[in-house]
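Take a look at the structure set out below.
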Amino acid sequence: MERPDAREMLYEGKAKQVFATDDPERVIVRYKDDATAFNAQKRGTVAGKGEVNNAITALLYPELEGYGVPTHFLARLSEREQLVRRVRIVPVEVIVRNRAAGTFASRYGVEEGRPLDPTVIEFCLKSDALGDPPMNAATAVALGHASEEELEALFDLAAEVNDYLLARFAVAGLDLVDFKLEFGVTGDGDLVLADEISPDTCRLWDAETGDKLDKDRFRRDLGGVEEAYHEVRRRLEATVGRPLDLPEFDDDHQHEHDHAALRLDLTGEEPHDA
Ligand code: TMP
């Protein structure tokens with residue numbers, strides 16, 4: 001792909017910058033080494049993190065597209081930059097938890113690592129100032145952050161992403177404990193996966209040893225942060241194309257039904273007889 005020029009900076013977040021291009025529907029995302037935690041109360045840098053997270057996201061998003069998940073990703077442009085579709089970010093962060101950890105473990109007083117069945121999918125308001133507060137579906141709708149239809153779509157897409165990532169990280173010897181997703185709406189009105197998937201936004205434990213290979217090393221001052229990020233990249237790159245143990249994702253969203261029973265009831269009505 002011809003490399004589009006970056007024009008003015010449209011936005012600067014904690015870990016990335018967004019630049020306009022000459023195409024109003026496309027923007028360039030530049031990944032920084034800056035690291036924050038606890039809603040930016042803790043700040044630092046992780047050398048090379050921008051390159052690693054750009055590479056990991058650029059590896060996973062096309063794979064997710066191949067699995068049937070629409071994303072904003074278009075192309076990796078350089079070590080730190082990628083071209084993506086311009087979207088309006090839905091201010092609802094979707095957190096998927098396969099095991100208890102982090103704020104979930106402390107909120108409910110359970111041990112980190114406890115498997116969660118069913119998988120827990122949470123919505124949080126995207127607001128550092130408010131500490132990304134958890135929000136149920138009614139709250140998100142009542143406050144105008146998303147429509148009921150959008151929330152249902154976010155839930156289903158997050159479940160599909162989890163199906164894929166669990167299997168994908170497993171072949172790389174990594175246990176996907178939990179992660180956060182963000183979604184956006186394109187100029188055409190399409191809801192797509194946006195933002196990044198990286199050791200910044202996932203908890204990844206070594207499947208053999210349980211070692212943490214993610215941002216908890218930074219959050220908790222465990223040391224070896226750079227090495228952990230590089231190791232995740234190395235393992236993912238070394239396992240590209242390996243067969244995955246995946247549930248089928250067909251165009252009729254056949255296995256959406258598996259998740260339907262777990263979906264938050266947005267209306268408060270009793271489910272109809274099936
Ligand atoms: P938590 O345990 O802090 O609630 O985080 C759950 C997962 O979501 C963990 O993998 C980190 C990720 N996450 C982010 O990437 N950004 C955020 O702003 C939050 C709150 C969580």
Side-chain angles (χ1 to χ4, degrees), residues 11-16 29 31-44 46 49-50 52-54 56-57 60-61 71 89-116 118-136 139-140 145 154-155 157-159 161-162 164-166 168-170 172 174-184 193-207 210-222 225 228-229 232 236:
Y11 173 80
E12 175 151 23
K14 289 175 290 186
K16 299 187 285 295
V29 175
Y31 284 68
K32 305 191 287 185
D33 287 348
D34 298 345
T36 65
F38 311 113
N39 302 307
Q41 291 179 61
K42 179 182 172 102
R43 289 175 182 275
V46 176
K49 175 169 85 71
V52 171
N53 288 356
N54 184 34
I56 292 174
T57 300
L60 291 176
Y61 276 49
T71 80
I89 291 285
V90 179
V92 178
E93 298 188 352
V94 185
I95 294 183
V96 180
R97 301 183 188 270
N98 295 304
R99 294 179 184 274
T103 60
F104 184 94
S106 47
R107 191 190 312 149
Y108 299 113
V110 296
E111 211 176 307
E112 282 209 314
R114 171 168 157 171
L116 298 174
T119 295
V120 173
I121 299 186
E122 299 175 342
F123 297 132
C124 296
L125 176 63
K126 182 175 163 67
S127 166
D128 278 344
L130 298 173
D132 291 346
M135 185 168 61
N136 69 14
T139 304
H145 298 308
L154 295 187
F155 187 99
L157 286 168
V161 171
N162 189 46
Y164 186 81
L165 291 183
L166 267 176
R168 182 64 182 86
F169 282 116
L174 295 164
D175 186 357
L176 177 61
V177 172
D178 61 23
F179 59 97
K180 185 252 328 182
L181 299 175
E182 295 187 29
F183 293 86
L193 180 65
D195 196 47
E196 68 180 276
I197 295 176
S198 72
D200 268 10
T201 63
C202 302
R203 284 195 172 91
L204 297 164
W205 295 355
D206 184 291
D211 284 352
K212 297 184 196 316
L213 294 171
D214 58 59
K215 196 164 131 184
D216 272 346
R217 303 207 71 85
F218 169 77
R219 292 191 191 95
R220 303 178 188 188
D221 296 321
L222 300 175
V225 189
Y229 278 66
V232 171
L236 286 172

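Please read these numbers as outputs of a predicted model, since none were measured by experiment. When a residue number appears, it is its place in the shown sequence, counting from 1. We use all heavy atoms of the structure for the numbers below, so side chains are in, but hydrogens, waters and symmetry mates are not. First listed ligand is number 1; within each ligand, the first listed atom is number 1.
The CG atom of Asp200 sits 3.5 Å away from atom OH of Tyr229, with the distance rounded to the nearest 0.5 Å. The CG atom of Asn162 sits 12.5 Å away from the CG atom of Leu157 when rounded to the nearest 0.5 Å. Rounded to the nearest 0.5 angstrom, Thr57 OG1 and Asp195 CG are separated by 8.0 Å.
Within the structure, ligand 1 has Arg97 among the residues with a heavy atom less than 4.0 angstrom away. Within the structure, the closest approach of Glu93 to ligand 1 falls below 4.0 Å when heavy atoms are considered.
Ion pairing between a basic and an acidic side chain is recognised when a charged N comes within 4.0 Å of a carboxylate O; Asp216 and Arg203 show such pairing. By the 4.0 Å N-to-carboxylate-O rule, Lys180 lies close enough to Glu182 to be salt-bridged with it. Glu112 has a carboxylate O that lies under 4.0 Å from a charged side-chain N of Arg220, or vice versa, which qualifies the two as a salt bridge. Checked for salt-bridge contact, Lys49 and Asp34 miss the test: no charged N lies under 4.0 Å from a carboxylate O.
Of all atoms in ligand 1, numbered sequentially from 1 with element shown, those under 4.0 Å from a heavy atom of Gly102 are 2 (O). Near Asp200, meaning under 4.0 Å from any of its heavy atoms, are these atoms of ligand 1: 15 (O). Residue Phe179 approaches ligand 1 through these ligand atoms, each under 4.0 Å from one of its heavy atoms: 8 (O), 10 (O).
The protein atom (non-hydrogen) at minimum distance from atom 13 (N) of ligand 1 is Lys180 CB, 3.6 Å. In this structure, atom 10 (O) of ligand 1 lies nearest to the protein heavy atom Asp178 OD1, 2.6 Å. Atom 5 (O) of ligand 1 has as its closest protein heavy atom Arg203 NH1, 3.6 Å. Shortest contact from atom 20 (C) of ligand 1 to any protein heavy atom: Asp132 OD2, 3.7 Å.
Checked by distance only, ligand 1 and Thr103 come closer than 3.5 Å through their nitrogen or oxygen atoms. Polar contact with ligand 1: absent for Arg219 (N/O pair, distance under 3.5 Å).
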So Arg219 and Thr36, side-chain hydrogen bond (donor to acceptor under 3.5 Å, both in side chains) or not? Walk me through it. CA-CA 8 Å; Arg219 292 191 191 95; Thr36 65; over 6 Å; no
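Neither the backbone nor the side chain of Cys124 has any atom closer than 4.0 Å to an atom of ligand 1 (non-hydrogen atoms only).
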